[in-house]
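Have a look at the structure below, then the notes.
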Amino acid sequence: MEQLRILHTNDLHSHFEHFPKIGRYLKKAQADQSVDDIYTFDAGDFMDRSHPLTDATEGQANIKLMNGFNYDAITIGNNEGISNPHWVVEHLFDHADFPTVLANLREEDESMPKWAVGHMFLTTKKKTRIALIGLTAAYPMTYGPNHWHVKMLGDSMDHELAQIEGKYDVLILLTHVGLKMDRWLAKHYPQINLIVGGHSHDLIEHGEKVGHTWITQTGKWGNYVGDIHLELEDHHVIKVVPRTISTASMPEEPEDKAVIQGYYDEGKRLLSERKVANLPEKFADDKVAAVQVSLDAIADFAKTDLAILSSGLFLTPFKSGIITQYDLQNALPHPMHVVRSTLKGYDLWRLVMEIEKNRHYLDHFPLQGMSFRGKIFGQMYYKGIKVDMRRRVVYVNGHEIDPQKEYKIACLDHYVLVPFFPTLAIVGENEFLFPQFLREVVGKYLAEKYPLTARSEKDD
(Lines give C-alpha, C1' and ligand atoms only; values in the text may rest on other atoms or scores of the structure.)
Protein backbone atom coordinates (compact mmCIF):
# COMPACT_ATOMS: atom_id res chain seq x y z
CA MET A 1 0.00 0.00 0.00
CA GLU A 2 1.25 3.48 -0.88
CA GLN A 3 -0.27 6.73 0.37
CA LEU A 4 0.13 10.12 -1.29
CA ARG A 5 -1.07 13.57 -0.29
CA ILE A 6 -1.62 16.24 -2.94
CA LEU A 7 -2.04 19.89 -1.94
CA HIS A 8 -3.30 22.35 -4.52
CA THR A 9 -4.39 25.92 -5.20
CA ASN A 10 -5.92 27.70 -8.17
CA ASP A 11 -7.04 31.19 -9.14
CA LEU A 12 -5.25 32.96 -6.30
CA HIS A 13 -5.48 36.21 -8.34
CA SER A 14 -3.00 38.04 -6.10
CA HIS A 15 -5.33 37.83 -3.11
CA PHE A 16 -2.39 38.24 -0.77
CA GLU A 17 -4.70 38.59 2.22
CA HIS A 18 -4.84 34.77 2.29
CA PHE A 19 -1.16 34.09 1.66
CA PRO A 20 0.06 33.97 5.29
CA LYS A 21 -2.56 31.36 6.23
CA ILE A 22 -2.05 29.37 3.03
CA GLY A 23 1.71 29.38 3.53
CA ARG A 24 1.44 28.02 7.07
CA TYR A 25 -1.08 25.35 6.06
CA LEU A 26 1.07 24.13 3.19
CA LYS A 27 4.23 24.10 5.30
CA LYS A 28 2.59 22.03 8.02
CA ALA A 29 1.00 19.63 5.52
CA GLN A 30 4.27 19.23 3.62
CA ALA A 31 5.87 17.97 6.85
CA ASP A 32 3.27 15.20 7.24
CA GLN A 33 5.06 11.94 8.15
CA SER A 34 1.96 9.75 7.95
CA VAL A 35 2.06 9.47 4.13
CA ASP A 36 4.76 8.29 1.75
CA ASP A 37 4.95 11.40 -0.44
CA ILE A 38 3.45 14.90 -0.61
CA TYR A 39 3.15 17.02 -3.75
CA THR A 40 1.96 20.62 -4.12
CA PHE A 41 0.51 22.10 -7.33
CA ASP A 42 -1.08 25.31 -8.61
CA ALA A 43 -3.51 25.44 -11.54
CA GLY A 44 -2.97 28.99 -12.78
CA ASP A 45 -4.15 32.60 -12.45
CA PHE A 46 -1.89 33.00 -9.46
CA MET A 47 -1.29 36.66 -10.36
CA ASP A 48 -3.63 39.55 -11.02
CA ARG A 49 -2.38 43.00 -11.99
CA SER A 50 -5.29 44.62 -10.18
CA HIS A 51 -3.12 44.36 -7.04
CA PRO A 52 -0.57 47.20 -6.83
CA LEU A 53 2.33 44.95 -5.83
CA THR A 54 1.76 42.54 -8.70
CA ASP A 55 1.40 45.43 -11.13
CA ALA A 56 4.48 47.25 -9.87
CA THR A 57 6.69 44.14 -10.01
CA GLU A 58 5.12 42.55 -13.11
CA GLY A 59 4.36 39.43 -11.10
CA GLN A 60 7.81 38.95 -9.60
CA ALA A 61 6.42 39.52 -6.10
CA ASN A 62 4.00 36.65 -6.72
CA ILE A 63 6.81 34.35 -7.81
CA LYS A 64 8.83 35.19 -4.71
CA LEU A 65 5.91 34.42 -2.41
CA MET A 66 5.03 31.24 -4.30
CA ASN A 67 8.60 30.01 -3.95
CA GLY A 68 7.82 29.92 -0.24
CA PHE A 69 4.86 27.60 -0.89
CA ASN A 70 7.22 24.89 -2.20
CA TYR A 71 5.23 23.98 -5.30
CA ASP A 72 6.33 20.87 -7.17
CA ALA A 73 4.79 22.15 -10.41
CA ILE A 74 2.29 24.72 -11.71
CA THR A 75 0.57 25.63 -14.93
CA ILE A 76 -0.45 29.11 -16.07
CA GLY A 77 -3.80 30.79 -16.53
CA ASN A 78 -5.01 33.56 -18.79
CA ASN A 79 -3.98 36.17 -16.22
CA GLU A 80 -0.39 35.10 -16.74
CA GLY A 81 -0.43 34.32 -20.45
CA ILE A 82 -2.77 36.98 -21.83
CA SER A 83 -2.86 39.79 -19.27
CA ASN A 84 0.92 40.25 -19.49
CA PRO A 85 2.87 41.41 -22.54
CA HIS A 86 4.80 38.61 -24.24
CA TRP A 87 8.16 39.81 -22.94
CA VAL A 88 6.89 39.89 -19.34
CA VAL A 89 5.79 36.25 -19.58
CA GLU A 90 9.17 35.34 -21.07
CA HIS A 91 10.85 36.52 -17.86
CA LEU A 92 8.09 35.82 -15.34
CA PHE A 93 9.66 32.54 -14.19
CA ASP A 94 13.32 33.61 -14.26
CA HIS A 95 13.50 33.28 -10.46
CA ALA A 96 10.91 30.55 -9.90
CA ASP A 97 11.93 27.55 -7.79
CA PHE A 98 9.27 25.35 -9.42
CA PRO A 99 8.69 24.04 -12.96
CA THR A 100 5.86 25.22 -15.20
CA VAL A 101 4.04 22.45 -17.05
CA LEU A 102 2.20 23.67 -20.15
CA ALA A 103 1.56 21.52 -23.21
CA ASN A 104 -0.55 23.81 -25.38
CA LEU A 105 1.39 27.04 -25.74
CA ARG A 106 4.13 27.76 -28.26
CA GLU A 107 6.19 30.66 -29.48
CA GLU A 108 5.22 31.97 -32.91
CA ASP A 109 7.94 29.82 -34.48
CA GLU A 110 6.34 26.74 -32.85
CA SER A 111 9.21 26.33 -30.38
CA MET A 112 8.48 25.55 -26.74
CA PRO A 113 8.66 28.54 -24.37
CA LYS A 114 11.98 28.41 -22.52
CA TRP A 115 10.17 28.56 -19.17
CA ALA A 116 7.81 25.61 -19.74
CA VAL A 117 7.70 21.88 -20.43
CA GLY A 118 4.79 20.03 -21.98
CA HIS A 119 4.98 17.23 -19.42
CA MET A 120 7.19 16.06 -16.59
CA PHE A 121 7.60 13.04 -14.34
CA LEU A 122 7.69 12.61 -10.59
CA THR A 123 8.83 9.37 -8.96
CA THR A 124 7.60 8.49 -5.50
CA LYS A 125 9.73 6.88 -2.81
CA LYS A 126 8.11 3.56 -3.71
CA LYS A 127 8.95 4.05 -7.40
CA THR A 128 5.50 4.94 -8.68
CA ARG A 129 5.90 7.01 -11.84
CA ILE A 130 3.62 10.06 -11.94
CA ALA A 131 3.23 11.93 -15.25
CA LEU A 132 2.10 15.57 -15.18
CA ILE A 133 0.60 17.41 -18.16
CA GLY A 134 -0.33 21.09 -18.02
CA LEU A 135 -3.02 22.81 -20.10
CA THR A 136 -4.30 26.38 -20.20
CA ALA A 137 -7.45 27.88 -21.71
CA ALA A 138 -7.14 27.88 -25.51
CA TYR A 139 -7.98 31.45 -26.52
CA PRO A 140 -6.45 32.03 -29.97
CA MET A 141 -8.33 35.33 -30.33
CA THR A 142 -6.24 36.88 -27.54
CA TYR A 143 -3.10 34.74 -27.41
CA GLY A 144 -2.44 35.37 -31.11
CA PRO A 145 -2.15 39.18 -30.91
CA ASN A 146 0.17 38.70 -27.92
CA HIS A 147 2.54 36.70 -30.15
CA TRP A 148 1.76 33.25 -28.80
CA HIS A 149 0.39 30.20 -30.58
CA VAL A 150 -2.09 28.45 -28.32
CA LYS A 151 -3.12 24.93 -29.30
CA MET A 152 -6.39 23.10 -28.86
CA LEU A 153 -6.69 20.77 -25.89
CA GLY A 154 -7.33 17.54 -27.81
CA ASP A 155 -4.38 18.04 -30.15
CA SER A 156 -2.12 18.78 -27.21
CA MET A 157 -3.28 15.77 -25.22
CA ASP A 158 -2.81 13.45 -28.18
CA HIS A 159 0.73 14.74 -28.68
CA GLU A 160 1.75 14.49 -25.03
CA LEU A 161 0.21 11.07 -24.47
CA ALA A 162 2.15 9.72 -27.43
CA GLN A 163 5.35 11.09 -25.86
CA ILE A 164 4.77 9.49 -22.45
CA GLU A 165 3.15 6.21 -23.45
CA GLY A 166 4.44 3.36 -21.28
CA LYS A 167 6.45 5.71 -19.05
CA TYR A 168 3.96 6.38 -16.24
CA ASP A 169 1.74 4.65 -13.70
CA VAL A 170 -0.39 7.62 -12.63
CA LEU A 171 -1.49 10.52 -14.87
CA ILE A 172 -2.29 13.91 -13.33
CA LEU A 173 -3.34 16.99 -15.28
CA LEU A 174 -2.83 20.57 -14.08
CA THR A 175 -5.43 22.53 -16.03
CA HIS A 176 -6.65 26.08 -16.29
CA VAL A 177 -9.49 25.33 -18.67
CA GLY A 178 -12.61 25.35 -16.47
CA LEU A 179 -14.86 22.64 -15.14
CA LYS A 180 -16.76 22.09 -18.39
CA MET A 181 -13.55 21.34 -20.30
CA ASP A 182 -12.16 19.28 -17.42
CA ARG A 183 -15.22 17.07 -17.75
CA TRP A 184 -14.59 16.83 -21.48
CA LEU A 185 -10.99 15.78 -20.85
CA ALA A 186 -12.08 13.18 -18.31
CA LYS A 187 -14.63 11.74 -20.73
CA HIS A 188 -12.29 11.57 -23.73
CA TYR A 189 -9.10 10.55 -21.91
CA PRO A 190 -10.12 7.99 -19.26
CA GLN A 191 -6.46 7.19 -18.54
CA ILE A 192 -6.33 10.45 -16.52
CA ASN A 193 -6.41 9.65 -12.80
CA LEU A 194 -6.71 13.18 -11.45
CA ILE A 195 -7.32 16.68 -12.77
CA VAL A 196 -6.20 19.57 -10.58
CA GLY A 197 -8.17 22.36 -12.23
CA GLY A 198 -8.96 26.05 -12.25
CA HIS A 199 -10.29 28.95 -14.36
CA SER A 200 -14.05 28.59 -13.81
CA HIS A 201 -13.80 29.35 -10.06
CA ASP A 202 -15.85 26.30 -9.13
CA LEU A 203 -15.57 25.11 -5.56
CA ILE A 204 -15.77 21.29 -5.67
CA GLU A 205 -15.57 20.56 -1.97
CA HIS A 206 -15.14 16.80 -2.26
CA GLY A 207 -14.13 16.46 -5.88
CA GLU A 208 -16.16 15.17 -8.79
CA LYS A 209 -15.70 11.80 -10.45
CA VAL A 210 -16.23 11.52 -14.21
CA GLY A 211 -15.73 7.97 -15.37
CA HIS A 212 -12.38 6.88 -13.97
CA THR A 213 -11.15 10.46 -13.43
CA TRP A 214 -11.36 12.67 -10.35
CA ILE A 215 -11.70 16.43 -10.92
CA THR A 216 -10.81 18.94 -8.20
CA GLN A 217 -10.97 22.73 -7.96
CA THR A 218 -10.85 25.11 -4.99
CA GLY A 219 -12.98 28.04 -6.13
CA LYS A 220 -11.14 31.35 -6.25
CA TRP A 221 -8.88 33.84 -4.50
CA GLY A 222 -7.33 31.38 -2.07
CA ASN A 223 -10.58 31.07 -0.14
CA TYR A 224 -9.90 27.32 -0.02
CA VAL A 225 -6.90 25.00 -0.29
CA GLY A 226 -7.22 21.56 -1.87
CA ASP A 227 -5.97 18.54 0.06
CA ILE A 228 -6.29 15.14 -1.61
CA HIS A 229 -5.47 11.71 -0.18
CA LEU A 230 -4.56 8.95 -2.65
CA GLU A 231 -4.07 5.28 -1.98
CA LEU A 232 -2.15 3.09 -4.43
CA GLU A 233 -1.65 -0.66 -4.71
CA ASP A 234 1.11 -1.97 -6.97
CA HIS A 235 1.53 1.54 -8.43
CA HIS A 236 -2.16 1.78 -9.35
CA VAL A 237 -4.60 4.27 -7.83
CA ILE A 238 -7.29 2.45 -5.85
CA LYS A 239 -8.73 5.32 -3.82
CA VAL A 240 -8.96 9.12 -4.13
CA VAL A 241 -10.38 11.28 -1.33
CA PRO A 242 -10.48 14.98 -2.29
CA ARG A 243 -11.36 17.68 0.20
CA THR A 244 -11.08 21.44 0.45
CA ILE A 245 -10.06 23.43 3.52
CA SER A 246 -11.54 26.88 4.12
CA THR A 247 -8.84 29.50 4.58
CA ALA A 248 -11.19 31.31 6.96
CA SER A 249 -11.02 28.28 9.26
CA MET A 250 -7.22 28.44 9.47
CA PRO A 251 -5.71 30.16 12.52
CA GLU A 252 -4.63 33.76 12.19
CA GLU A 253 -1.34 35.04 13.60
CA PRO A 254 -0.96 38.49 15.18
CA GLU A 255 1.40 39.71 12.45
CA ASP A 256 -0.80 38.67 9.52
CA LYS A 257 -2.61 41.99 9.11
CA ALA A 258 0.63 43.95 9.05
CA VAL A 259 2.18 41.56 6.52
CA ILE A 260 -0.85 41.78 4.23
CA GLN A 261 -0.99 45.57 4.49
CA GLY A 262 2.73 45.66 3.77
CA TYR A 263 2.18 43.95 0.39
CA TYR A 264 -0.31 46.64 -0.59
CA ASP A 265 1.74 49.52 0.78
CA GLU A 266 4.87 48.40 -1.07
CA GLY A 267 2.97 48.19 -4.35
CA LYS A 268 1.41 51.59 -3.72
CA ARG A 269 4.83 53.09 -2.94
CA LEU A 270 6.40 51.73 -6.11
CA LEU A 271 3.56 52.84 -8.37
CA SER A 272 3.24 56.24 -6.68
CA GLU A 273 6.86 56.99 -7.54
CA ARG A 274 6.02 56.70 -11.24
CA LYS A 275 4.44 60.03 -12.19
CA VAL A 276 2.34 60.13 -15.35
CA ALA A 277 0.76 63.53 -16.01
CA ASN A 278 -0.24 66.91 -14.54
CA LEU A 279 -4.01 67.19 -14.90
CA PRO A 280 -6.00 70.46 -14.91
CA GLU A 281 -8.68 71.37 -12.40
CA LYS A 282 -11.54 69.98 -14.48
CA PHE A 283 -10.50 66.42 -13.52
CA ALA A 284 -10.95 66.97 -9.77
CA ASP A 285 -13.38 64.26 -8.62
CA ASP A 286 -15.19 64.30 -11.99
CA LYS A 287 -15.75 60.75 -13.23
CA VAL A 288 -17.35 61.94 -16.47
CA ALA A 289 -14.19 63.89 -17.30
CA ALA A 290 -12.17 60.71 -16.72
CA VAL A 291 -14.49 58.74 -19.01
CA GLN A 292 -14.36 61.34 -21.76
CA VAL A 293 -10.59 61.66 -21.84
CA SER A 294 -10.31 57.87 -21.78
CA LEU A 295 -12.62 57.69 -24.81
CA ASP A 296 -10.22 60.04 -26.56
CA ALA A 297 -7.30 57.88 -25.44
CA ILE A 298 -8.59 54.56 -26.75
CA ALA A 299 -9.75 56.19 -30.02
CA ASP A 300 -6.29 57.68 -30.47
CA PHE A 301 -4.65 54.34 -29.67
CA ALA A 302 -6.90 52.40 -32.07
CA LYS A 303 -6.77 55.15 -34.71
CA THR A 304 -10.54 55.51 -34.85
CA ASP A 305 -13.00 58.41 -34.66
CA LEU A 306 -15.47 56.43 -32.58
CA ALA A 307 -15.26 54.82 -29.14
CA ILE A 308 -17.40 53.42 -26.33
CA LEU A 309 -16.70 52.99 -22.60
CA SER A 310 -18.79 52.27 -19.51
CA SER A 311 -18.62 54.30 -16.31
CA GLY A 312 -18.40 51.22 -14.07
CA LEU A 313 -14.84 50.71 -15.28
CA PHE A 314 -13.78 53.79 -13.33
CA LEU A 315 -13.59 52.74 -9.70
CA THR A 316 -12.48 56.24 -8.77
CA PRO A 317 -12.37 59.48 -10.76
CA PHE A 318 -9.04 61.01 -11.72
CA LYS A 319 -7.82 64.10 -9.88
CA SER A 320 -6.28 67.45 -10.66
CA GLY A 321 -2.53 67.88 -10.35
CA ILE A 322 0.03 65.09 -10.51
CA ILE A 323 -1.44 61.70 -11.34
CA THR A 324 0.68 58.59 -10.87
CA GLN A 325 0.60 54.98 -12.02
CA TYR A 326 -0.94 54.15 -8.65
CA ASP A 327 -3.81 56.57 -9.28
CA LEU A 328 -4.46 54.98 -12.66
CA GLN A 329 -4.17 51.46 -11.29
CA ASN A 330 -6.58 52.36 -8.51
CA ALA A 331 -9.07 53.88 -10.95
CA LEU A 332 -8.74 51.27 -13.72
CA PRO A 333 -7.48 47.98 -12.23
CA HIS A 334 -8.95 45.80 -14.99
CA PRO A 335 -6.60 43.68 -17.16
CA MET A 336 -8.43 44.71 -20.33
CA HIS A 337 -7.17 45.49 -23.80
CA VAL A 338 -8.43 47.85 -26.48
CA VAL A 339 -10.18 46.34 -29.49
CA ARG A 340 -10.63 48.01 -32.88
CA SER A 341 -13.89 46.71 -34.31
CA THR A 342 -14.93 47.22 -37.93
CA LEU A 343 -18.68 47.22 -38.54
CA LYS A 344 -20.98 47.98 -41.44
CA GLY A 345 -23.25 50.94 -40.77
CA TYR A 346 -26.32 48.80 -40.26
CA ASP A 347 -24.38 46.65 -37.72
CA LEU A 348 -23.08 49.74 -35.92
CA TRP A 349 -26.69 50.98 -35.76
CA ARG A 350 -27.69 47.64 -34.26
CA LEU A 351 -24.85 47.83 -31.69
CA VAL A 352 -26.02 51.29 -30.61
CA MET A 353 -29.60 50.00 -30.31
CA GLU A 354 -28.34 47.16 -28.09
CA ILE A 355 -26.54 49.67 -25.91
CA GLU A 356 -29.59 51.91 -25.63
CA LYS A 357 -31.94 48.99 -25.02
CA ASN A 358 -29.77 47.78 -22.11
CA ARG A 359 -28.75 51.21 -20.79
CA HIS A 360 -31.00 51.42 -17.73
CA TYR A 361 -30.58 47.72 -16.95
CA LEU A 362 -26.78 47.98 -16.98
CA ASP A 363 -26.55 51.22 -15.02
CA HIS A 364 -26.58 49.36 -11.67
CA PHE A 365 -26.01 45.81 -12.91
CA PRO A 366 -23.57 43.89 -10.63
CA LEU A 367 -20.90 42.21 -12.72
CA GLN A 368 -18.08 39.73 -12.18
CA GLY A 369 -15.59 38.11 -14.55
CA MET A 370 -14.50 38.87 -18.11
CA SER A 371 -11.51 40.80 -16.67
CA PHE A 372 -13.81 43.18 -14.77
CA ARG A 373 -12.55 44.18 -11.31
CA GLY A 374 -15.30 46.62 -10.42
CA LYS A 375 -18.79 46.22 -8.97
CA ILE A 376 -21.38 47.49 -11.48
CA PHE A 377 -21.38 47.85 -15.24
CA GLY A 378 -22.52 51.50 -15.24
CA GLN A 379 -23.56 53.94 -17.95
CA MET A 380 -22.32 53.70 -21.53
CA TYR A 381 -20.62 56.72 -23.10
CA TYR A 382 -19.89 57.40 -26.77
CA LYS A 383 -17.25 59.31 -28.68
CA GLY A 384 -18.36 60.47 -32.14
CA ILE A 385 -21.85 58.95 -31.84
CA LYS A 386 -25.18 60.57 -31.02
CA VAL A 387 -28.58 58.88 -30.86
CA ASP A 388 -32.13 60.07 -31.43
CA MET A 389 -34.03 57.22 -29.80
CA ARG A 390 -37.42 58.76 -30.53
CA ARG A 391 -36.70 58.40 -34.26
CA ARG A 392 -34.21 55.51 -33.80
CA VAL A 393 -31.60 57.42 -35.77
CA VAL A 394 -27.85 57.19 -35.12
CA TYR A 395 -25.48 59.99 -36.07
CA VAL A 396 -21.76 59.44 -36.63
CA ASN A 397 -19.61 62.54 -36.44
CA GLY A 398 -22.68 64.69 -37.11
CA HIS A 399 -23.99 62.70 -40.07
CA GLU A 400 -26.75 60.12 -40.17
CA ILE A 401 -25.23 56.66 -40.28
CA ASP A 402 -24.70 55.12 -43.74
CA PRO A 403 -25.90 51.50 -43.61
CA GLN A 404 -23.39 50.33 -46.24
CA LYS A 405 -20.35 52.25 -45.06
CA GLU A 406 -17.67 50.60 -42.90
CA TYR A 407 -16.96 52.21 -39.55
CA LYS A 408 -14.18 51.54 -37.08
CA ILE A 409 -14.88 51.88 -33.37
CA ALA A 410 -12.57 51.54 -30.36
CA CYS A 411 -13.91 49.38 -27.55
CA LEU A 412 -12.58 46.79 -25.09
CA ASP A 413 -12.17 43.02 -25.18
CA HIS A 414 -14.56 43.11 -22.21
CA TYR A 415 -17.43 44.24 -24.46
CA VAL A 416 -16.75 41.43 -26.90
CA LEU A 417 -16.95 38.91 -24.04
CA VAL A 418 -19.99 40.15 -22.10
CA PRO A 419 -23.39 38.98 -23.42
CA PHE A 420 -25.00 42.42 -23.62
CA PHE A 421 -23.76 43.48 -27.07
CA PRO A 422 -23.84 40.38 -29.30
CA THR A 423 -23.32 42.37 -32.49
CA LEU A 424 -19.70 43.03 -31.52
CA ALA A 425 -18.88 39.35 -31.08
CA ILE A 426 -20.99 38.01 -33.95
CA VAL A 427 -20.28 40.34 -36.88
CA GLY A 428 -17.53 42.67 -35.69
CA GLU A 429 -14.14 42.32 -37.34
CA ASN A 430 -12.31 42.61 -34.03
CA GLU A 431 -8.59 43.40 -33.78
CA PHE A 432 -7.23 42.89 -30.26
CA LEU A 433 -4.55 45.50 -29.68
CA PHE A 434 -1.70 44.28 -27.47
CA PRO A 435 0.19 44.59 -25.23
CA GLN A 436 -0.98 47.71 -23.37
CA PHE A 437 -3.76 47.55 -20.78
CA LEU A 438 -6.58 50.09 -20.79
CA ARG A 439 -4.93 52.08 -18.00
CA GLU A 440 -1.60 52.09 -19.83
CA VAL A 441 -3.28 53.40 -22.98
CA VAL A 442 -5.00 56.11 -20.95
CA GLY A 443 -1.81 56.94 -19.07
CA LYS A 444 0.22 57.42 -22.26
CA TYR A 445 -2.45 59.70 -23.70
CA LEU A 446 -2.62 61.79 -20.51
CA ALA A 447 1.18 62.08 -20.43
CA GLU A 448 1.18 63.50 -23.94
CA LYS A 449 -1.81 65.81 -23.50
CA TYR A 450 -1.00 67.01 -19.97
CA PRO A 451 2.80 66.67 -19.56
CA LEU A 452 4.45 66.75 -16.17
CA THR A 453 6.62 69.70 -17.11
CA ALA A 454 3.80 72.25 -16.90
CA ARG A 455 0.15 72.50 -15.89
CA SER A 456 -1.96 72.58 -19.03
CA GLU A 457 -4.67 75.23 -19.14
CA LYS A 458 -6.61 73.38 -21.85
CA ASP A 459 -10.08 72.23 -21.00
CA ASP A 460 -10.74 70.47 -24.26
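No experiment lies behind these values; they were computed from the predicted model shown. We count residues from 1, following the sequence as given.
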Step by step, would you call Asp55 with Arg439 a salt bridge (Lys or Arg N to Asp or Glu O under 4.0 Å)? CA-CA 11 Å; Asp55 200 37; Arg439 64 175 170 272; 3.0 Å; yes
Chi angles and distances behind the side-chain contact (heavy atoms from CB on, under 4.5 Å) call for Phe372, Leu313: CA-CA 8 Å; Phe372 188 65; Leu313 294 167; 4.1 Å; yes
Could you walk me through whether Phe434 and Thr142 pass the side-chain contact (heavy atoms from CB on, under 4.5 Å) test, one step at a time? CA-CA 9 Å; Phe434 278 74; Thr142 42; 4.1 Å; yes
Step by step, work out the salt bridge (Lys or Arg N to Asp or Glu O under 4.0 Å) result for Lys444 and Glu440. CA-CA 6 Å; Lys444 183 175 185 295; Glu440 294 170 329; over 6 Å; no
side-chain hydrogen bond (donor to acceptor under 3.5 Å, both in side chains) evaluation trace for Tyr39 with Thr124: CA-CA 10 Å; Tyr39 298 105; Thr124 70; 5.4 Å; no
In sequence, state the C-alpha distance, the side-chain angles, and the governing distance for Lys114 and Phe93, and then conclude on side-chain contact (heavy atoms from CB on, under 4.5 Å). CA-CA 10 Å; Lys114 66 179 182 180; Phe93 301 101; over 6 Å; no
Would Arg373 and Asp48 count as a side-chain contact (heavy atoms from CB on, under 4.5 Å) here? Give the steps. CA-CA 10 Å; Arg373 302 294 184 256; Asp48 194 313; 2.8 Å; yes
Contacts table for residues 169-179: side-chain donor-acceptor under 3.5 angstrom, sequence neighbours left out:
residue, atom, partner, partner atom, Å
Asp169, OD1, Arg129, NH2, 3.1
Asp169, OD2, Arg129, N, 2.8
Asp169, OD2, Arg129, NE, 3.2
Thr175, OG1, Asp182, OD1, 2.7
Thr175, OG1, Asp182, OD2, 3.4
His176, ND1, Ala43, O, 2.9
His176, NE2, Asp45, OD2, 3.2
His176, NE2, Asn78, OD1, 3.1
His176, NE2, His199, ND1, 3.1

Less than 3.5 Å apart, which donor and acceptor atoms pair up between the side chains of residues 151-158 and the rest of the protein, not counting sequence neighbours?
residue, atom, partner, partner atom, Å
Lys151, NZ, Glu110, OE1, 3.0
Ser156, OG, Met152, O, 3.0
Asp158, OD1, Tyr189, OH, 2.8

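Atoms CG and CG, on Leu194 and Leu132 in that order, are 9.5 Å from each other to the nearest 0.5 Å. Atom OG of Ser246 sits about 7.5 Å away from atom NZ of Lys21, to the nearest 0.5 Å. The structure places CZ of Arg350 at 13.0 Å from CD1 of Ile355, a figure rounded to the nearest 0.5 Å. Atom CD1 of Ile76 sits about 11.0 Å away from atom CG of Leu135, to the nearest 0.5 Å. Rounding to the nearest 0.5 angstrom, the gap separating the OH atom in Tyr264 from the CZ atom in Arg269 is 14.5 Å. A distance of 7.5 Å separates CD1 in Ile409 from CG in Leu424, rounded to the nearest 0.5 Å.
Of the N and O atoms on the side chains of Asp94 and His91, at least one donor lies less than 3.5 Å from an acceptor on the other residue. For Thr9 and Tyr71, the side-chain atoms include at least one donor-acceptor pair closer than 3.5 Å. Between the side chains of Tyr381 and Ser294, no donor-acceptor pair is found at a separation under 3.5 Å. Side-chain contact check for Ser341 and Asn430: at least one donor-acceptor pair (N or O, by modelled atom type) lies under 3.5 Å.
Put simply, the side chain of Lys126 never gets that close to the backbone of Asp36: no donor and acceptor are under 3.5 Å apart. Judged by distance alone, with hydrogens and angles left aside, the side-chain atoms of Asp227 form no donor-acceptor pair with the main-chain N or O of Arg243 at under 3.5 Å. Side-chain atoms of Asn10 do not come within 3.5 Å of backbone N or O of Lys220 as any donor-acceptor pair. In this structure a side-chain-to-backbone donor-acceptor pair under 3.5 Å is missing from Arg5 to Ser34. Side chain of Gln217 to main chain of His201: a donor-acceptor pair is present (N/O by atom type, distance under 3.5 Å, no hydrogens or angles). For the pair Asp327 (side chain) and Thr324 (backbone), a donor-acceptor distance under 3.5 Å is present. In this structure, the side chain of Gln261 does not engage the main chain of Ala258 through any donor-acceptor pair within 3.5 Å. No donor-acceptor distance shorter than 3.5 angstrom exists from the side chain of Asn84 to the backbone of Arg49, with no hydrogens or angles considered.
Considering only heavy atoms from C-beta on, Phe318 comes within 4.5 Å of Leu446 through its side chain. Counting only heavy atoms from C-beta outward, the side chains of Ile22 and Leu12 approach each other to under 4.5 Å. Counting heavy atoms from C-beta on, the side chains of Asn62 and Ser14 come closer than 4.5 Å. In this structure, Phe301 and Val442 have side chains that are not in contact, with every pair of non-hydrogen atoms separated by 4.5 Å or more. Taking the side chain as every heavy atom from C-beta outward, Val89 and His86 never approach each other to under 4.5 Å. Contact annotation: the side chain of Gln329 never approaches that of Phe437 to less than 4.5 Å [non-hydrogen atoms, C-beta and beyond]. Counting heavy atoms from C-beta on, the side chains of His18 and Met250 never come closer than 4.5 Å. Taking the side chain as every heavy atom from C-beta outward, Pro317 and Phe283 never approach each other to under 4.5 Å.
Ring geometry for Trp148 against Trp115 counts as perpendicular: the plane angle is over 60°, on a 0 to 90° scale with 30° as the lower cut.
Closest approach of Trp214 and Gly207 over heavy atoms only: CZ3-C, 3.8 Å. Between Pro335 and Ser371, the shortest heavy-atom contact is CD-O, 3.3 Å.
Using a cut-off of 4.0 Å between Lys/Arg side-chain N and Asp/Glu carboxylate O, Arg24 and Asp256 are scored as salt-bridged. Ion pairing of Lys357 with Glu354 is absent here, as no side-chain N (NZ or NE/NH1/NH2) approaches a carboxylate O to less than 4.0 Å.
Enclosure of atom CD in Glu233 by more than 12 non-hydrogen atoms of other residues, nucleotides or ligands within 6.0 angstrom is indicated. No more than 12 heavy atoms of other residues, nucleotides or ligands sit less than 6.0 Å from atom NZ of Lys180. Within a 6.0 Å sphere centred on NE2 of His236, heavy atoms belonging to other residues, nucleotides or ligands number 12 at most. No more than 12 heavy atoms of other residues, nucleotides or ligands lie within 6.0 Å of NZ in Lys268, so this atom counts as exposed by the packing criterion.
Phe420 has its ring centre less than 6.0 Å from the ring centre of Phe365. Taking the six-membered ring for Trp, Phe69 and Phe19 have ring centres closer than 6.0 Å.
Residues forming a side-chain contact (heavy atoms from CB on, under 4.5 Å) with Lys27 (at least two apart in sequence, or on another chain): none.
If you run side chain to side chain contact (heavy atoms under 4.5 Å, CB included) between Thr216 and each of Val240, Ile228, Ile204, only Ile228 comes through. Glu160 pairs in a side chain to side chain contact (heavy atoms under 4.5 Å, CB included) with only one of the listed residues (Asn104, Val101, Ile133), which is Ile133.
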